[in-house]
Amino acid sequence: MQNVLITDEKYSGKYVIIEGLDNPSVISSGSDPKAVYDEAIRKGFREFLLLFVPEKELVHIYRASS
């Protein structure tokens, strides 16, 4: 099952902080993950998810091991 959290193309190729998996509201975004993190902290958030939104047509390969 695939769950797309960020659908807006303006975040393509950027780091994005969302409130959580149940609430993917964007708190902050940008090209520097530290700056994005710092902005979320300044806004008063303490729990959130930091994601990288890949550019369109970019291939991702994941490998799971136990």
Side-chain angles (χ1 to χ4, degrees):
M1 183 174 142
Q2 185 178 19
N3 186 8
V4 178
L5 297 171
I6 306 294
T7 58
D8 194 331
E9 290 188 20
K10 72 180 180 182
Y11 299 115
S12 180
K14 295 184 179 180
Y15 293 92
V16 175
I17 288 185
I18 61 172
E19 290 191 42
L21 295 175
D22 292 334
N23 182 4
S25 299
V26 175
I27 296 169
S28 61
S29 67
S31 58
D32 178 5
K34 174 74 167 108
V36 171
Y37 172 87
D38 290 343
E39 182 179 350
I41 295 296
R42 274 194 310 276
K43 289 181 175 181
F45 290 91
R46 296 295 179 250
E47 293 187 23
F48 45 78
L49 293 175
L50 172 62
L51 312 169
F52 179 76
V53 180
E55 294 181 22
K56 194 172 185 174
E57 306 299 328
L58 184 66
V59 175
H60 286 253
I61 300 171
Y62 299 93
R63 178 176 178 242
S65 61
S66 55

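These numbers come from the heavy atoms of this one structure, side chains and all, not from hydrogens, waters or symmetry mates.
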Original post:
Can you check whether Y37 and F48 have ring centres sitting under 6.0 Å from each other?
Top reply: yes
**OP:** Find out if a path of hydrophobic residues (ILVMFWY) with successive side-chain heavy-atom gaps under 4.5 Å connects F45 to I41.
**Re:** yes
Subject >> Path from Y11 to L5 over hydrophobic side-chain contacts below 4.5 Å >> reply: yes
**OP:** Kindly indicate whether the side chain of E39, heavy atoms from C-beta on, has any atom under 4.5 Å from the side chain of I17.
**Re:** no
Original post:
Sub-3.5 Å donor-acceptor pair from the side chain of S28 to the main-chain atoms of V36, do we have one?
Top reply: yes
**OP:** Please confirm whether the backbone N or O of F52 pairs with a side-chain atom of K14, one donor and one acceptor, at under 3.5 Å?
**Re:** no
Subject >> Audit row: I18, I27, side chain to side chain contact (heavy atoms under 4.5 Å, CB included) steps and yes/no >> reply: CA-CA 5 Å; I18 61 172; I27 296 169; 6.0 Å; no
Original post:
How long is the span from the OH atom in Y15 to the CG atom in L51, to the nearest 0.5 Å?
Top reply: 11.0 Å
Original post:
Just how far is it from atom CD1 of I6 to atom OG of S12, taken to the nearest 0.5 Å?
Top reply: 11.5 Å
**OP:** Take E19 and V26 through the side chain to side chain contact (heavy atoms under 4.5 Å, CB included) test and state the conclusion after the steps.
**Re:** CA-CA 7 Å; E19 290 191 42; V26 175; over 6 Å; no
Subject >> Sidechain N-carboxylate O distance under 4.0 Å for K34, D38 >> reply: yes
